[in-house]
Amino acid sequence: MVASVKRPARVGIFAVLAVAIAVAAGYLNNCFTGLGFGPGQGAGQLEATKDVAKDAARDVTKIDPTGKVRVVVQGEHCRMEGDKATQSCEDLCKEIVASAADVEATAGTQGTVDRFKSCLQARGIKVQVLSE
């Protein structure tokens, strides 16, 4: 009789222990994935590297042989000439890698153009504002 009472108790302990190990493994798997060690991390990092390479190639193509870029100010936003999407002028100012910039200011507000021009000049970029 004693053997039959101990056996169900052991099965219950092992079941609880197996569930605890499964929960801990799932938690640790999420932790390791966040640190870059889990499954699927290589593919995500590869895609991110491709996106950075595309952005770098796009920036290089925007610079003409003289090292100039052309930026269009539209209202409170800016865009590189040829791009369809606008972005914050402050963000674009930080991204520009050139020795000079032509700023087309015909559709931008005066304050935005002045702030953008000051930002570029503070970074050592020569600025020419084009307006009609």
- request: Could you please spell out the steps behind the side-chain contact (heavy atoms from CB on, under 4.5 Å) verdict for M80 and E95?
  value: CA-CA 10 Å; M80 297 289 286; E95 292 176 9; over 6 Å; no
- request: Tell me whether V69 is reachable from L120 by hopping between hydrophobic residues (I, L, V, M, F, W, Y) whose side-chain heavy atoms are closer than 4.5 Å.
  value: yes
Nearest heavy-atom neighbours spanning [X] and [Y]:
X: Q128; Y: K68; value: OE1-NZ, 3.8 Å
X: L130; Y: R70; value: CD1-NH1, 3.3 Å
X: I125; Y: A98; value: CG1-O, 3.5 Å

- prompt: Please walk me through it: do H77 and Q87 pass side-chain contact (heavy atoms from CB on, under 4.5 Å)?
  reply: CA-CA 6 Å; H77 293 88; Q87 61 181 328; 5.8 Å; no
message: With heavy-atom distances below 4.5 Å as the criterion, would you say the side chains of K117 and V129 are in contact?
response: yes
- prompt: What distance separates R115 CZ from C93 SG, expressed to the nearest 0.5 Å?
  reply: 12.0 Å
- request: Kindly indicate, with the supporting measurements, whether the criterion side-chain contact (heavy atoms from CB on, under 4.5 Å) is fulfilled by V71 and D102.
  value: CA-CA 6 Å; V71 179; D102 289 337; over 6 Å; no
field: Over 12 non-hydrogen atoms of neighbours within 6.0 angstrom of CD in Q121
entry: yes
- prompt: Looking at residues at least two apart in the chain, or sitting in another chain, which of them share a side-chain hydrogen bond (donor to acceptor under 3.5 Å, both in side chains) with T109?
  reply: E76, T112
query: How about C119 and C89: are their SG atoms under 2.5 Å apart?
result: no
R123 side chain vs I96 backbone, donor-acceptor pair below 3.5 Å: yes
